[in-house]
Enquirer: 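Please see the structure below; I have some questions.
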Amino acid sequence: MSVKQITLTIYTSAIFALLATSLFLPAVSAEKPTPGYNTPIPESIMTPDKVKTRIGTLEFFDGIPNEKAAATLFANLDLNRGLQALLNGM
C-alpha cells in the first residue's frame, strides 16, 4: 500500500468513527435522569411488598422482611433444619 492509500484509510476510519459516535450520543443523552445516585431498577427483579407462600403472607419493605415475616421465616428454617437432622439420623 502506498502512503496515500494508508492516509486515506486512516481518514476514512476517523470519519466513520466520528459519524458513529455522533449518531449514538443523542440516544444516550435522551435517557431520563434520576436524582442522586439512584438508577432505575426493572420491576421484573424487584421484591414485591407482599408474597403469598405456604407458610403465610410475607411482607417486605425494599426487599427486607418486616419483623413478623422474619420471625416466620426463621421458624420455618428451624423446622426444616430439625426435619433434616431427624432424617439424617435415621
Side-chain angles (χ1 to χ4, degrees):
M1 288 175 78
S2 69
V3 176
K4 283 186 177 183
Q5 289 176 336
I6 293 173
T7 306
L8 182 62
T9 304
I10 291 173
Y11 285 141
T12 305
S13 299
I15 290 171
F16 178 73
L18 287 172
L19 179 63
T21 305
S22 66
L23 291 175
F24 180 68
L25 285 177
V28 172
S29 63
E31 290 181 7
K32 185 178 175 184
T34 56
Y37 292 105
N38 296 330
T39 56
I41 301 172
E43 289 293 325
S44 61
I45 63 170
M46 295 289 293
T47 303
D49 291 335
K50 290 186 179 185
V51 177
K52 291 184 180 180
T53 64
R54 67 174 187 83
I55 59 174
T57 301
L58 305 174
E59 295 184 12
F60 297 89
F61 177 74
D62 285 343
I64 301 172
N66 63 10
E67 288 183 27
K68 182 180 175 187
T72 304
L73 290 169
F74 277 120
N76 187 52
L77 187 61
D78 287 341
L79 175 68
N80 285 329
R81 287 182 177 163
L83 288 172
Q84 183 180 12
L86 175 73
L87 292 174
N88 286 339
M90 292 176 83

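Nothing fancy with the numbering, it's 1 onward along the sequence.
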Enquirer: Roughly how far apart are Asp62 CG and Asp49 CG, rounded to 0.5 Å?
Expert: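 The CG atom of Asp62 sits 8.0 Å away from the CG atom of Asp49.
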Enquirer: What closest approach, in Å, do Pro65 and Ala70 show between heavy atoms, and which atom pair accounts for it?
Expert: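 The pair with the smallest heavy-atom distance is CB-N, 4.1 Å.
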Enquirer: Using side-chain heavy atoms (C-beta onward) and a distance below 4.5 Å, is Thr72 in contact with Asn76?
Expert: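 No; the side chains remain at least 4.5 Å from each other.
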Enquirer: Decide whether Val51 and Ile55 are clustered together by the hydrophobic rule: side chain heavy atoms of Ile, Leu, Val, Met, Phe, Trp, Tyr closer than 4.5 Å, transitively.
Expert: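 Yes: a chain of side-chain contacts under 4.5 Å links Val51 to Ile55.
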Enquirer: Measuring from Asn88:CG to Met90:CE, what's the distance to the nearest 0.5 Å?
Expert: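 Asn88 CG to Met90 CE: 11.0 Å, rounded to 0.5 Å.
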Enquirer: In the structure I gave you, are the side-chain heavy atoms of Leu73 and Leu77 within less than 4.5 Å of one another anywhere?
Expert: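 Not touching, per the 4.5 Å side-chain cut-off.
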Enquirer: Of all the heavy-atom pairs spanning Asn66 and Ala69, show the shortest one and how long it is.
Expert: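 Closest pair (atom of Asn66, atom of Ala69, distance): OD1-N, 2.8 Å.
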